[in-house]
Amino acid sequence: MPERKNFIREIINDDLRTNKFGGRVHTRFPPEPNGYLHIGHAKSICLNFGLARDYNGLCNLRFDDTNPTKEEVEYVESIERDVRWLGFDWGDRLYYASDYFEQLYEYAVQLTKKGKAYACDLSPDEIREYRGTLTEPGKDSPYRNRTVEENLDLFERMRNGEFPDGSRTLRAKIDMASPNLNMRDPVMYRILHAAHHRTGDRWCIYPMYDWAHGQCDSIERITHSICTLEFTDHRPLYDWFLAELGVYHSQQIEFARLNLTYTVMSKRKLLQLVQEGYVNGWDDARMPTISGLRRRGYTPESIRNFADRIGVARSESTSEVALLEDCLRDDLNKRALRVMAVLRPLKLVIENYPDGVVEELDAVNNPEDSSMGVRKVPISRVLYIEQDDFREHPPKKYFRLSPGAEVRLRYAYIVKCVGVVRNEKTGEITELRCTYDPETKSGSSQSGRRVKGTIHWVSALHAVDAEVRLYSRLFSVENPSGENWRDFINPDSLEVLRQCKVEQSLATAKPQDRFQFERLGYFCVDDDSREGALIFNRAVTLRDTWAKIEKS
RNA sequence: UGCCCGGUGGUGUAAUUGGCAACACGUCUGACUCUGGAUCAGAAAAGUCCAGGUUCGAGCCCUGGCCGGGCAGCCA
């Protein structure tokens, strides 16, 4: 059962102990198909499906599609794809709130017959006025005391399309003086002559979320209805509906939604980022959407692990992206193939290496997992190394190449820098001249020589060209909030490098393949990548202690 | 100045239901290393929002404050 503890599991354990739901655990993930899922939804998905998994229960996928003006099949499809990609399975339990429209309507008729619901002719503005304020009670609608017959008649005619949008609503008759605004005769149905993505034009009245949700849970026999904190105040209303209807009652449990540093999480803001062109779509690799994270190179495992590690609680909190990044590194460190790629190439010529000779060197595919084997990497006289790996005037503690210094070429030889070639006009160094020591070949007796630094490289003759996209945080502040949140967008969140040289073995890499570029980070082949036009996304850098040293 | 919900190292969670505050990330040392990766060892960092109370004993219970968040859509 539950090894990981949180308050929700404690509640479930209690319910199991008292046999509250006959030993069942049945949850659901209920997204509205009005946008793409993000990492915050992933938390909820992992929570709900995880509970079902750990307690031998079930978890439904249910679309909360009660507002046809905002919902689309495109979103339905992306949501299904994302949940599946995260590794969860709803079996044959794919539901829609719209599946229950008829049942919901009947429930509403029942309440009306009981004198607990009424047709109201107040306009939206009037309803707001009558509702009162946070500190003052509201007042009864003048239509509140219509007869049951009249209410039934009006409600049916609402359904039949006799009235224009906004002209009438069906409201619950509860208490206009309740300190809980949700109880001040909430609207149950509104008139909306809009086509619904599933029910077409069968309906012109649509249930409000508050009216639909609890009953949907009830119909599906959900035991634990887990939602976010802002619905806490709505729970009394849901309880009231269920009690008046006398139907099965799920237990609602609220938890704090995920916030992440250096990003935004609201659907509204994410939509704005897309629409205003700050990113290239919902699946832009900088987006905290599940599709964005996937494109960036995140694995389902790493996201699930993240969800586990952040835990669940009722206090509002903001997790650090560093934890998310750690989860990815942790996962990919064990699984990703190591390869060599040079992002900003600097030519290096080994003067004493015979021209025309090519040697095949052994390179390990993953030092964490010897079962992943070794591969051959070709070396020849001319190589590319990283510009960062050479300094004409090396700072202290710099272990890489500089004039006169020695460094090991990963899996190959120790080389010594014996000269540089400059661009005559700019003085910029365009080429390094080196000599190598044939005795120091990797794997050979090692000749007792040791050097402080090892750098990656790629043979010029064999290198494959590639484009690499380097991503950093989308925002430059931890908490980009307020009206001017867009001002905090990091202008350098994407850097595109087009002259990159990667090792031969990458030539046939396919979208979603992930690699560790040694000493640089984890990279994922972009969806737009093709053979001959490779594109890699940097998912996350490696921990870089040198970068830290250099900063200080 | 209504109702509801929160408050534990920098961050996120935990504390056997009242028993000397733990884990992870992050930070900083050091070891090791043909990735300045990984790994390993260690350190700093909260005395649990405040004040009272109950108790042998309170992060957990009680009272009163303080601070933060949510709620006045025919959105979800």
Side-chain angles (χ1 to χ4, degrees), chain A residues 4-6 10 30-32 34 64-67 69-71 120 122-124 127-129 131-138 165-171 178-184 186-192 205-206 208-210 212-213 227-236 254 256 258 261 267 309-320 322-327 329-330 333-334 338 340 364 366-368 397-400 407-412 414 440 442-443 446 450-456 478 516-521 541-550:
Chain A
R4 189 159 214 106
K5 295 199 86 171
N6 62 51
E10 256 164 53
E32 183 192 14
N34 69 341
D64 248 314
D65 55 350
T66 54
N67 185 354
T69 66
K70 291 187 174 171
E71 297 148 7
C120 181
L122 254 25
S123 71
I127 286 190
R128 187 172 356 97
E129 283 167 30
R131 184 155 36 223
T133 69
L134 293 176
T135 52
E136 301 161 86
D165 287 3
S167 61
R168 284 195 164 84
T169 57
L170 185 78
R171 294 226 258 162
S178 172
N180 182 344
L181 301 239
N182 296 300
M183 302 298 270
R184 319 243 261 228
V187 171
M188 295 164 63
Y189 277 94
R190 70 294 211 180
I191 301 173
L192 233 42
I205 56 171
Y206 289 94
M208 296 290 290
Y209 173 87
D210 275 353
H213 198 82
C227 65
T228 43
L229 254 25
E230 67 269 30
F231 293 104
T232 308
D233 287 341
H234 297 237
R235 179 157 27 93
E254 308 87 12
L258 171 67
T261 54
K267 278 189 188 174
R309 294 221 250 163
I310 57 177
V312 190
R314 282 186 63 95
S315 60
E316 298 170 59
S317 56
T318 303
S319 295
E320 293 178 339
L323 181 62
L324 215 209
E325 293 171 343
D326 184 68
C327 291
R329 289 193 192 101
D330 183 56
N333 174 47
K334 291 173 285 194
R338 310 291 129 117
M340 292 199 284
V364 307
N366 188 333
E368 305 293 314
K397 287 197 186 163
Y398 185 83
F399 305 154
R400 283 112 97 148
V407 76
R408 174 172 288 282
L409 296 176
R410 180 83 159 142
Y411 303 126
I414 290 174
T440 59
S442 230
Q446 194 162 344
R450 291 205 157 191
V451 286
K452 205 84 189 221
T454 298
I455 65 175
H456 61 278
E478 282 199 357
Q516 184 197 99
F517 288 1
E518 293 214 29
R519 302 206 306 134
L520 298 175
T541 62
L542 250 29
R543 283 203 187 84
D544 191 348
T545 51
W546 167 243
K548 269 180 206 163
I549 295 171
E550 215 182 13

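Sequence lines set the chain letters: A, B, ... in the order given, protein chains first and strands last, and positions in each chain run from 1. What you see below is based on every heavy atom in this structure, not just the backbone, and it leaves out hydrogens, waters and symmetry mates.
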Residue closer to the 5' end of RNA chain B, A:Arg235 versus A:Ser319 (nearest nucleotide): A:Arg235
5'-most contact on RNA chain B: A:Phe399 or A:Pro31, nearest heavy atom basis? A:Phe399
Counting just side-chain N and O atoms, does A:Thr261 come under 4.0 Å of either OP1 or OP2 of B:rU11? no
Within the pair A:Arg519 and B:rG36, is there a side-chain N or O less than 4.0 Å away from OP1 or OP2? yes
Is there a donor and acceptor pair, one atom on the side chain of [X] and one on the base of [N], closer than 3.5 Å?
{"X": "A:Glu254", "N": "B:rG6", "result": "no"}
{"X": "A:Gln516", "N": "B:rU35", "result": "yes"}
{"X": "A:Asp233", "N": "B:rG70", "result": "yes"}
{"X": "A:Glu320", "N": "B:rG10", "result": "yes"}

Complement of B:rA41, any strand, by Watson-Crick or G-U distances under 3.5 angstrom: B:rU29
Using a heavy-atom cut-off of under 4.0 Å over every strand shown, decide if [X] touches base, sugar-phosphate, or nothing.
{"X": "A:Phe517", "value": "nothing"}
{"X": "A:Tyr411", "value": "base"}
{"X": "A:Thr318", "value": "sugar-phosphate"}
{"X": "A:Glu10", "value": "base"}
{"X": "A:Arg184", "value": "nothing"}
{"X": "A:Thr133", "value": "base"}

